[in-house]
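One structure is given here, and the rest of the page talks about it.
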Amino acid sequence: VDHTPPRRIEFVGDSNLAAFGVLGAPSTIGLRGLFGLGLSQQSIRHSWAHMLCRMCVAEPCVIGWSGVGVVQNAIGTGGKHRIAEIYERCLGNDGSRFDFATA
């Protein structure tokens, strides 16, 4: 039996899409609290993109990286590349390119 959803939705974004902080305690978070969050409070399965795909019976494909922005990167990340510049990479920290023609 094939359990693959009939649709696939691709999302491209930043830490909001990557669900950074989603497992953290509820708060009226300020900058001090934001900088206290870490990757241990991140869970893509709890992201709004995954929730939307569950409601639409679709498979999510998420290209999101906390700190790497669509328009600009987060303060203090030190990264110079935005999401559009790393979209075609096979691995985020790798310079290799994904071949969409053979996928």
Side-chain angles (χ1 to χ4, degrees):
V1 176
D2 184 12
H3 295 288
T4 305
R7 293 177 278 284
R8 179 179 293 154
I9 303 173
E10 182 176 273
F11 301 89
V12 179
D14 54 16
S15 54
N16 183 359
L17 178 62
F20 183 77
V22 72
L23 299 178
S27 68
T28 54
I29 200 165
L31 281 178
R32 183 179 304 180
L34 179 64
F35 289 123
L37 293 173
L39 294 178
S40 64
Q41 287 95 16
Q42 180 170 308
S43 172
I44 194 65
R45 292 196 170 271
H46 291 86
S47 70
W48 62 266
H50 271 254
M51 288 185 214
L52 179 65
C53 284
R54 284 192 293 273
M55 290 188 304
C56 295
V57 189
E59 177 185 359
C61 176
V62 177
I63 296 106
W65 190 336
S66 294
V68 177
V70 175
V71 176
Q72 72 180 45
N73 292 338
I75 297 169
T77 60
K80 63 179 180 174
H81 300 293
R82 292 184 302 276
I83 201 74
E85 297 161 0
I86 62 170
Y87 176 80
E88 293 182 351
R89 292 183 186 175
C90 292
L91 298 170
N93 291 329
D94 188 329
S96 61
R97 297 285 180 218
F98 184 78
D99 184 3
F100 289 94
T102 61

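Inter-residue side-chain proximity for F11 and C53 is flagged as met; some heavy-atom pair is nearer than 4.5 Å.
Nearest heavy-atom pair across V12 and L17 is C-CD2, 3.4 Å.
When the side chains of ILVMFWY residues are joined at heavy-atom separations under 4.5 Å, either directly or via intervening members, I63 and I9 end up in two distinct hydrophobic clusters. Follow the hydrophobic side-chain contacts under 4.5 Å out from M51 and you never reach V62; the two are in separate clusters.
Expressed to the nearest 0.5 Å, how far NE2 of H50 lies from CZ of R45 amounts to 6.0 Å.
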Should R7 and V57 be marked as a side-chain contact (heavy atoms from CB on, under 4.5 Å) after you check the CA-CA gap, both sets of side-chain angles, and the distance that decides it?
CA-CA 7 Å; R7 293 177 278 284; V57 189; 4.2 Å; yes
